[in-house]
Amino acid sequence: MFMLFSKMFIPTMRETPSDAEAASHKLMLRAGYVRQLASGLYIFLPLGWRVLNRINKILKEEMEAIGAQEISMPILHPAEIWQKTGRWYEIKDEMFRLKDRTDRDMCLGMTHEEIMTWLASREIRSYRHLPQIWYQIQTKLRDEARPKSGVLRTREFIMKDSYSFDMDDRGLEKNYNLHAKAYHKIFERCGLVFYQVESDPGMMGGATAHEFMAPSPAGEDDIILCNQCGYTANIEVAHSIPPPIKHPDWQYEEVHTPQKKTVKEVSDFLNIRPYYFIKSLLFIADKEPVLALVRGDQEFHEKKLLKIIGNFRQATKDEVNSTLGVDPGFIGPMGHKIRILGDLSLTEGSYVTGANKPDYHIKGIMPNVHFSAEWHDLHVAKEGEQCPKCNTLIKAEKAIEIGNIFKLGTKYSMPLNAVFLDKGGQERHIIMGSYGIGPARIAAAAIEQNYDKDGIIWPKNIAPFDVEIIPLSVNDEKTIEVLEMLYENLAERGFEVIIDDRDERPGVKFKDADLIGVPVQVILGEKSLKDDQIEIKSRRTKETKKVPVKNAVEETIAFFKELQ
RNA sequence: CGGGGCGUGGCUCAGCUUGGUAGAGCGUUCGGUUCGGGACCGAAAGGUCGGAGGUUCAAAUCCUCUCGCCCCGACCA
């Protein structure tokens, strides 16, 4: 297969549109892959669509390889099904809602757990029908609060989503692991650097979830990594052991700290390091006040507390006063009757904390001596702390979420009554899993991880073309002769080739070729052709190899095969 | 939703403070010279200055409202 540059719609730009920030966003615009229609809505131009299709082809191959069957679901859904699972009410502005002409409530699909489960509930009757894996590559719509970074976060996007249906947890475990393995193959084939990390199942429900993360400064997520034992987790669930500290032999005493409220202020004032402090934060959970404690050098982790006590909010200044009898800034954990939760790093030692009276702090307070608390992990893990599994120093990185896998259990099969009869004739709920991948995010992540000042450097399996042939002169007879020989042979051998047949100056063609990022460039110049040679150039390294015309096809293929 | 920024030919931007003929570079079209890393010369087309209202003899410029887009945060099924 070959295409002519002059006939294709590839609107490259010399300058970067001013509202692009992320490298992938800038380059996809400049190189003519996408155009923006409105906030969070993107048009994929021929090159961009080719890339997505190549990614989708890989997705399909790996899904079929684990026995998944492709289907296609509507993106317009009746409200009732979403009402049955409760998500119609739980999800707020992020769901696009509308009514049909008969005033029936409808919504646009943000994901397809409900509809897939609905189908299973109607069609699956017996254990003999299980297990099943159904998948689709389908448009999703979410009215994102903040679309950003080009195609990384959009309101309409394509997603590969698959769903597994099993009779029991063992079956789910198997399908979950099959998906994890398939995902590893997919992201490897797409040429990405990635990690599988522990993640928060969130509103998807279920106990276990992992995310696949492509490290990149453009990413929205923070992940924690341990190079030693391989522990990886999203910061939302990551554990860590803060650096241990040596505790001084303080006497329990009040110290005067006029107007000093924050840890930093008191720390500077008393000349005591922040990690010797206990930070006390008051929250209101279902009307019950809860005091949360973290070490002074630690950041309090809201989601971790949420999982323990359920919904809560920060207490107002007045509530702090009426509950604890003191203004924020001078709170200490001693002498209160309310529920107290403390971070695990505080279980022993001697600390500084608020004295529960204005302008005073307590030095020498000891957990489990001067106060008691329920101990939980309540802090945000950060770089420089220790791995919870092997004590090695951990690293933090930003990453793009390119895929996720969830064990759903019966979260959807219960409300939608998706049941089957087991061997014993017993009616049981289907055990489900759901698994997503965002192809556009793969493309963007691939660019974020592979570009230079001149443009995109595609991993070879997802590039829009394998080879770009650049005849420097389109009026030279010998050039045309070699060109035809080359592309016909390459196309015959299954390569996808683009030919820059435009009557442009060489500089323009080189610039565009680098910008577009096809991994192999074959340059046909009159000078080299005089010696019966052509040039094969790597987009990534810019290294050029001259080879005789008679070996051009084989050499080009060999060159391509050696690339990543 | 909170905070910040920006809307002027297709793209990047100047002009706005201090109201008075709407500009530049790139791109596009035509002609010519060029031709191995975004060439050069000449000519031309192309703009309701995001929109509405107001102030004024006069508004891209000042005021009010509004819409859109980007960034930070919150949110993210």
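Being a predicted model, the structure only gives us computed values, none of them experimental. Letters A, B, ... mirror the listed sequences (proteins, then strands); counts begin at 1.
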- Note on the structure: By the Watson-Crick or G-U definition, both distances under 3.5 Å, B/rC1 is matched with B/rG73

- Sub-6.0 Å ring centroid separation between A/Y163 and A/Y435: no

Please list, pair by pair, any protein nitrogen or oxygen found under 3.5 Å from a nitrogen or oxygen in nucleotides 26-34 of chain B.
residue : atom : partner : partner atom : Å
B/rC26  : O3'  : A/R14   : NH2          : 3.4
B/rC26  : O2'  : A/R14   : NE           : 3.3
B/rG27  : OP1  : A/R14   : NH2          : 3.2
B/rU34  : O2   : A/R505  : NH1          : 2.5

- Message: Under 3.5 Å for both donor-acceptor distances, Watson-Crick or wobble: does B/rC40 have a partner, and if so which one?
- Response: B/rG32

- Answer with base, sugar-phosphate or nothing: what part of the nucleic acid does A/E220 contact at a heavy-atom distance below 4.0 Å? nothing

- Item | C1' atoms of B/rC49 and B/rC62, separation to the nearest Å | 16 Å

- Mind telling me whether A/F283 and A/F312 have parallel, tilted or perpendicular rings, with 30° and 60° as the class edges? perpendicular

- Task: Would you mind classifying the nucleic acid contact of A/L29 as base, sugar-phosphate or nothing, using non-hydrogen atoms under 4.0 angstrom?
- Result: nothing

- With rounding to whole Å, what would you report as the distance between B/rC6 and B/rA14 at their P atoms? 10 Å

- Task: Describe the nucleic acid contact of A/K303 in one word from base, sugar-phosphate, nothing, applying a heavy-atom distance below 4.0 Å.
- Result: sugar-phosphate

- Message: Within the 4.0 Å heavy-atom criterion, would you say A/R142 contacts the bases, only the backbone, or no part of the nucleic acid?
- Response: sugar-phosphate

- Message: Between B/rC70 and B/rA59, how many Å separate the two P atoms, rounded to a whole number?
- Response: 33 Å

- How would you label the contact of A/D512 with the nucleic acid (heavy atoms, under 4.0 Å): base, sugar-phosphate, or nothing? base

- Message: Which is more 5' along RNA chain B, the nucleotide nearest A/K542 or the one nearest A/A38? Just name the residue.
- Response: A/K542

- Under 6.0 Å between the ring centres of A/W134 and A/F165? yes

- Message: Check the phosphate of B/rG38 against A/T12, side-chain N and O only, distance under 4.0 Å to OP1 or OP2. Yes or no?
- Response: no

- Message: By the 4.0 Å heavy-atom rule, please label A/A20 as base, sugar-phosphate, or nothing.
- Response: nothing

- Does B/rA74 have OP1 or OP2 sitting under 4.0 Å from an N or O in the side chain of A/R146? no

- Task: Taking atom C1' in both B/rU21 and B/rA58, compute the distance separating them and give it to the nearest angstrom.
- Result: 13 Å

- Query: Just how far, in rounded Å, is P of B/rC1 from CG of A/D143?
  - Reply: 10 Å

- Integer-rounded Å distance: B/rC71 P and A/Q36 CD: 9 Å

- Query: Does B/rC72 have OP1 or OP2 sitting under 4.0 Å from an N or O in the side chain of A/K148?
  - Reply: yes

- What does A/R35 touch in the nucleic acid at a heavy-atom separation under 4.0 angstrom: a base, only the sugar-phosphate, or nothing? nothing

- When you measure from the side chain of A/L472, which nucleotide among B/rA74, B/rG36, B/rC70 comes out closest? B/rG36

- Distance, C1' atom - from B/rG46 to B/rC30, rounded to whole angstrom: 15 Å

- Message: When you compare the side chains of A/S413 and A/T410, does any donor N or O come within less than 3.5 Å of an acceptor on the partner?
- Response: no

- Task: Mark yes or no: A/K279 above the aromatic ring of A/F300, with NZ or CZ under 6.0 Å from the six-membered ring centre and no more than 45 degrees from the axis.
- Result: no

- Could you tell me whether the side chains of A/D161 and A/Q136 share a donor-acceptor contact shorter than 3.5 Å? yes

- Message: Any strand counts, and the cut-off is 3.5 Å on both contacts for Watson-Crick or G-U wobble. Which nucleotide pairs with B/rA59?
- Response: none

- Query: Which whole number of Å gives the distance between the C1' atom of B/rG36 and that of B/rU48?
  - Reply: 47 Å

- Message: Please report the distance, rounded to the nearest Å, between CZ in A/R313 and C1' in B/rA74.
- Response: 17 Å

- Message: Could you check whether A/W82 and A/Y412 have their ring centres less than 6.0 Å apart?
- Response: no

- Item | Closest non-hydrogen atom pair, A/K92 against A/R97 | O-NH2, 3.1 Å

- Heavy atoms under 4.0 Å, any strand shown: does A/T85 hit a base, just sugar-phosphate, or nothing? nothing

- Note on the structure: Answer for the Watson-Crick or wobble partner of B/rU21, both distances under 3.5 Å, is none

- Closest approach of A/K26 and A/T16, non-hydrogen atoms and distance? CG-CG2, 3.4 Å

- Note on the structure: When both distances are under 3.5 Å in a Watson-Crick or G-U wobble arrangement, the nucleotide paired with B/rC16 is none

- Note on the structure: Which of A/R122, A/E114, A/M116 passes side chain to side chain contact (heavy atoms under 4.5 Å, CB included) with A/W118? Answer is A/R122

Give me the distances for all protein-to-nucleotides 13-15 of chain B N/O pairs that come in under 3.5 Å?
residue : atom : partner : partner atom : Å
B/rC13  : OP2  : A/S18   : OG           : 3.2

- Do A/H379 and A/S240 have side-chain atoms, one donor and one acceptor, less than 3.5 Å apart? yes

- Reckon A/E535 touches a base, only the sugar-phosphate, or nothing at all at heavy-atom distances under 4.0 Å? base

- Whole-Å distance separating the CD1 atom of A/I523 from the P atom of B/rG36: 13 Å

- Mind checking A/D454 for me? I need base, sugar-phosphate or nothing, with any heavy atom below 4.0 Å counting as a touch. nothing

- Is there a side-chain contact between A/D93 and A/D143 (heavy atoms, below 4.5 Å)? no

- Task: Answer with yes or no whether the side chains of A/H210 and A/Y176 bring together a donor and an acceptor at under 3.5 Å.
- Result: yes

- Looking at B/rC69, B/rC75, B/rG38, which one has an atom nearest to any side-chain atom of A/D19? B/rC69

- Message: Could you tell me the Watson-Crick or G-U partner of B/rG68, where both distances fall under 3.5 Å? Say none if there is no partner.
- Response: B/rC6

- Could you check which nucleotide pairs with B/rG46 in any of the strands shown, counting Watson-Crick or G-U wobble with both distances under 3.5 Å? none

- Compare the minimum distances between each of B/rC69, B/rG38, B/rG36 and the side chain of A/K527, then state the nucleotide with the smallest one. B/rG36

- Message: For A/E236 and A/G150, find the nucleotide of RNA chain B closest to each by heavy atoms; which residue's nucleotide sits nearer the 5' end?
- Response: A/G150

